[in-house]
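Heads up: the structure comes next, in structure tokens.
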Amino acid sequence: MKRFYITTTLPYVNADPHVGFALEIVQADVIARWHAMRGDEVFFNTGTDEHGLKIYRGALAAGLNPKSYADAHAAKYDELKSALHLSYNNFIRTTDSHHVQAAEEFWRRCAERGDIYKKNYQIKYCVGCELEKMESELEDGRCLLHPHLEIEQVDEENYFFRYSRYRDELLEFYAKNPEFVVPKNRMHEMVKFTERGLQDFSISRLKSKMPWGVPVPGDDAQVMYVWFDALVNYVSAIGWPDDFKKFNSFWPGVQTAGKDNLRQQASMWQAMLLSAGLPLSKQILIHGFITSAGQKISKSLGNTISPFDYIEEFGADALRYYLLREIPTLDDGDFTHEKFLARYNADLANGLGNQVQRVTAMVEKYLDGKVTYKFSHACPPYAFPRKQFAREGKYEQEKYCRSLTAGFGRRGLKVKYGGGGTLQARVNAAVQSYQLDQALAAIWAKIAECDKRVDDEKPWVLAKDAGEKEHLRKLLGGLVADLQEIGHALTPFLPQTAESILKVVNAPKIIPPEAPLFPRKAI
RNA sequence: CGCGGGGUAGAGCAGUAGCAGCUCGCCUGGCUCAUAACCAGGAGGUCGUGGGUGCGAAUCCCACCCCCGCAACCA
């Protein structure tokens, strides 16, 4: 059995979850579920990044200690799991003691390698960004993104990481692994960036000024800069450095990140891995940004979008669908209420929901809910390996698998495969090339095909002619089988909806769902 | 000469030389199984601008205009 590790970036817990992170984690969720359905043993990690100056100050302002402050925010991120039906099986917090120890060990390894040294550090620093700012990024001495905050002069002795040393090794690695970063243009950007040369970066802060961080081993006066410790989570989450069995069976893994995180993930983190003597990540998936009506989403513009609002009004799968279909998987996309409604009504209510309704209604009305159909192919058993997991004592995996296959029936779903390129094959190809929007497009093409077949064959006419009974049975049986195929293909994308569809069409007596899957919404 | 991406129908996009396409929206017709859903047809584009090469250019070449991201660690 293959093992598959995927992790999102860890959002910084100084604000509530927003739609941009929902995009990232939903994409990762689909990929994780898709692998699980193929029978892979999946480890899916997410969590929260909780150190650093911004958290420290936020906590002071709120009159809380930093840990309690972080606890409250971390809980909100973990709420996304049930709200969006996410399947992650690990939620790491960078304040977890195991992670803190891992970060310290990682530091020691880099230090042993001679990659950590002390140097005076003078910069202009924006607390809002938690970033060093170049003169070119300032306007009237203020950060463009946080003009209300004073730029701070930092002048202190810090530890630096010898990033510059890894230029050639990274370039060689990129050359050997041209698909290390997807999409291609991001890989290209990374290569160009690296070719220009890398400058060592600061990885610690004076504890007297900012105590909220992982202690630097052997120096009580310093704590790690938040990025250094946060990046280590990708390996600490799977047991490094204590549980090598676990670590070796899952690493290297796939990481998802926004395009703003390209350098940290695809370059700086990889240099850190080289320094610590660990294998580099398997692949970095870079998604784009969500705009709203073409505008950048920001608190100051007041156009932020809360995923919870949409989930409450339309359901988790509706939001999942929009994010996966309307936003190109590895490119920027737009999110507006109008577009959301349009997608919802056109694709979910009129398309999928109506298709389920009309087919099941006809089967009930014309065939008394009973349909006999021949399956040309059953879903291969490896797609349901939960018993194997149970035998091996992997109860977490078994449970995870069961949640994925709920409603599929004991013997697994029987899927009718058409000749030639099946729907599932098209979906698989799209998922493997990370074109999740195209995978959904393929499923919806199938729905359109079924709608057309209904119109062409006119079952309501056949039903009036006793001589056409067999014809009608075959037609409706085929449509039910198509719904099973659609439900199966849809499972990683819209897990709840897929389960509902399969439950209805696998029932001994087929009747329409109690309530429409996606009631049409007035515009 | 910093690096990279982009400009095609009202919106979002595909299309790297051979009749300009897809989805949504809009208009008309059909149908009645279905969630006023579904099916068919239609309107709508000087393919950013100007030049060049070709029998033929959205596509190749040259120049220019505009938009966006990155420019050392902002979702």
Side-chain angles (χ1 to χ4, degrees), chain A residues 9 11-12 14-15 17-24 54 123 126 128-134 136-137 143-146 161 163 183 185-186 188-193 195-203 225-228 231 257-265 267-269 288-291 293-294 296-299 304 325-326 328 331-334 336 338-339 342-343 345-351 353-366 437 441 444-445 448 450-456 458-463 476 479 512 515-523:
Chain A
T9 49
Y12 199 59
N14 65 328
H18 54 78
V19 75
F21 182 64
L23 171 72
E24 178 170 328
K54 210 163 15 169
I123 49 148
C126 172
C129 299
E130 287 283 11
L131 287 180
E132 174 178 352
K133 290 287 161 176
M134 299 292 106
S136 62
E137 295 175 271
C143 170
L144 295 169
L145 299 171
H146 302 91
F161 175 69
Y163 188 31
N185 58 331
R186 300 289 169 207
H188 187 56
E189 204 176 315
M190 228 38 262
V191 170
K192 286 287 182 188
F193 164 76
E195 281 173 351
R196 269 179 286 158
L198 307 173
Q199 286 175 27
D200 298 348
F201 56 87
S202 155
I203 53 170
Y225 178 49
V226 58
W227 271 109
F228 189 90
L231 287 168
K259 64 184 185 182
D260 55 310
N261 251 305
L262 175 63
R263 283 185 191 172
Q264 290 92 319
Q265 309 301 333
S267 181
M268 295 160 71
W269 167 232
F289 286 171
I290 297 178
T291 55
K296 192 169 179 168
I297 294 178
S298 75
K299 273 185 224 160
T304 54
R325 177 75 192 267
E326 182 72 23
D331 207 346
D332 293 348
D334 202 55
T336 65
E338 291 69 32
K339 282 181 178 164
R343 274 288 176 199
N345 279 332
D347 295 356
L348 296 176
N350 301 349
N354 185 56
Q355 177 66 208
V356 170
Q357 200 75 23
R358 72 191 307 205
V359 169
T360 52
M362 286 190 286
V363 172
E364 184 188 28
K365 201 164 179 174
Y366 302 146
D437 50 330
W444 260 259
C450 292
D451 267 330
K452 182 162 167 53
R453 192 153 82 244
V454 172
D455 255 62
D456 288 348
K458 300 181 178 45
W460 52 90
V461 173
L462 300 179
L476 293 182
L479 288 166
L517 259 32
F518 297 100
R520 193 179 162 83
K521 300 273 182 180
I523 293 176

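Order of the sequence lines sets the chain letters (A, B, ...), proteins ahead of strands, with each chain counted from 1. A quick note: this is a predicted structure, and the numbers were derived from the prediction, not measured. For the numbers below, each heavy atom of this structure counts, side chains included, while hydrogens, waters and symmetry mates do not.
- A:Glu195 pairs by the side chain to side chain contact (heavy atoms under 4.5 Å, CB included) definition with A:Arg167, A:Leu171, A:Val191, A:Lys192, not counting sequence neighbours.
- With a glycosidic angle more than 90° from 0, B:G52 adopts the anti conformation.
- Between B:A72, B:C73, B:C33, one nucleotide has an atom nearer to the side chain of A:Trp460 than all others, and that is B:C33.
- Considering only residues two or more places apart in sequence or on other chains, A:Lys452 meets the salt bridge (Lys or Arg N to Asp or Glu O under 4.0 Å) condition with A:Asp456.
- At whole-Å resolution of the value, CZ in A:Arg325 and P in B:G12 are 17 Å apart.
- What separates NZ of A:Lys192 from P of B:G2 is a distance of 14 Å, to the nearest Å.
- The C1' atoms of B:C31 and B:C38 are separated by 8 Å, rounded to the nearest whole Å.
- Note: CD (A:Gln199) to C1' (B:C73) measures 11 Å, nearest angstrom.
- When every heavy atom of A:Pro459 is checked against every heavy atom of A:Leu476, the shortest pair comes out as CB-CD2, 4.5 Å.
- Counting to the nearest Å, the P atom of B:C70 and the CE atom of A:Met190 are 14 Å from each other.
- Here the closest heavy-atom approach between residue A:Leu262 and residue A:Arg186 is recorded as CD2-O, 3.9 Å.
- Taking a pair as Watson-Crick or G-U wobble with both distances under 3.5 Å, the runs of three or more consecutive pairs in RNA chain B are B:2-7 with B:65-70, B:10-13 with B:21-24, B:26-30 with B:38-42, B:48-52 with B:60-64.
- Comparing the same atom, P, in B:C67 and in B:G29 gives a spacing of 45 Å after rounding to whole Å.
- Using a 4.0 Å heavy-atom criterion, one finds that A:Leu23 contacts no nucleic acid atom at all.
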* How far apart are the C-alpha atoms of A:Val454 and A:Leu479, what are their side-chain angles, what is the distance that settles it, and do they pass the side-chain contact (heavy atoms from CB on, under 4.5 Å) test? -> CA-CA 9 Å; A:Val454 172; A:Leu479 288 166; 3.7 Å; yes
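- Between B:G44 and B:U59, the distance separating the two C1' atoms is 23 Å to the nearest Å.
- Taking atom C1' on both B:C65 and B:U49, the two are 7 Å apart, rounded to the nearest angstrom.
- Distance check: A:Trp269 CH2 to A:Asn261 CG gives 13.0 Å after rounding to the nearest 0.5 Å.
- Take A:Thr9 and apply the side-chain hydrogen bond (donor to acceptor under 3.5 Å, both in side chains) test, not counting sequence neighbours, and it matches A:Glu24.
- Counting any heavy atom pair closer than 4.0 Å across all strands shown, A:Leu262 reaches no nucleic acid atom.
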* Structure fact -> Protein heavy-atom contacts under 4.0 Å, written 5' to 3' over nucleotides 5-10 of chain B as B (base), S (sugar-phosphate only) or - (none), form the string ------
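- Put simply, CD on A:Glu326 is 13 Å from P on B:A14, counting in whole angstrom units.
- If you check B:C73, B:G4, B:U35 against the side chain of A:Glu189, the one that comes closest is B:G4.
- Considering only residues two or more places apart in sequence or on other chains, A:Ala463 meets the side chain to side chain contact (heavy atoms under 4.5 Å, CB included) condition with A:Tyr366, A:Leu472.
- To the nearest angstrom, P of B:C33 lies 12 Å from CG of A:Leu462.
- As judged by a 4.0 angstrom heavy-atom cut-off over every strand, A:Gly258 is placed among residues making no nucleic acid contact.
- Distance from the side chain of A:Lys365 is smallest to B:A34 among B:A34, B:A11, B:A72.
- For the salt bridge (Lys or Arg N to Asp or Glu O under 4.0 Å) test, residues two or more places apart in sequence or in another chain that qualify with A:Arg358 are A:Asp451, A:Asp455.
- In this structure, A:Asp331 has no salt bridge (Lys or Arg N to Asp or Glu O under 4.0 Å) partners at least two apart in sequence or on a different chain.
- For A:Phe21, the ring-ring contact (aromatic ring centres under 6.0 Å, His included) partners two or more places apart in sequence, or in a different chain, are A:Tyr77.
- Both A:Ala361 and A:Asn261 sit near RNA chain B, but only A:Ala361 has its closest nucleotide nearer the 5' end.
- Rounded to a whole angstrom, the distance from the P atom of B:A63 to that of B:G69 is 26 Å.
- Note on A:Tyr366: only backbone sugar-phosphate atoms sit closer than 4.0 angstrom, heavy atoms only; bases stay farther off.
- Distance noted for atom P between B:C13 and B:C64: 27 Å (whole Å).
- Remark: the separation of the C1' atoms in B:U46 and B:U8 is 12 Å, to the nearest Å.
- Residues passing the salt bridge (Lys or Arg N to Asp or Glu O under 4.0 Å) test with A:Asp437: none are found, sequence neighbours excluded.
- Taken to the nearest 0.5 Å, the CG atom of A:Leu198 stands 9.5 Å off from the CZ atom of A:Arg263.
- Among the heavy atoms of the strands, none lies under 4.0 Å from A:Pro459.
- Both A:Asp200 and A:Gly20 lie near RNA chain B, and the one whose nearest nucleotide falls closer to the 5' end is A:Asp200.
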Close N or O pairs between protein and nucleotides 37-42 of chain B (under 3.5 Å):
| from | atom 1 | to | atom 2 | distance (Å) |
| --- | --- | --- | --- | --- |
| B:A37 | OP1 | A:Arg520 | NE | 2.7 |
| B:A37 | OP1 | A:Arg520 | NH1 | 3.4 |
| B:A37 | OP1 | A:Arg520 | NH2 | 2.9 |
| B:A37 | O2' | A:Asn354 | OD1 | 3.0 |
| B:A37 | O2' | A:Asn354 | ND2 | 2.5 |
| B:C38 | O2' | A:Arg358 | NH1 | 3.1 |
| B:C38 | O2' | A:Asp455 | OD1 | 3.1 |
| B:C39 | O4' | A:Asp455 | OD2 | 3.0 |

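- The distance between atom NZ of A:Lys521 and atom P of B:C24, rounded to the nearest whole Å, is 21 Å.
- Counting to the nearest Å, the P atom of B:A11 and the CZ atom of A:Arg343 are 16 Å from each other.
- Looking at residues two or more places apart in sequence or on another chain, you find a ring-ring contact (aromatic ring centres under 6.0 Å, His included) between A:Tyr163 and A:Phe201.
- Among the atoms of the strands shown, base atoms are found under 4.0 Å from some heavy atom of A:Ser202.
- Spacing of C1' atoms, B:A14 relative to B:C47, comes out at 13 Å, to the nearest Å.
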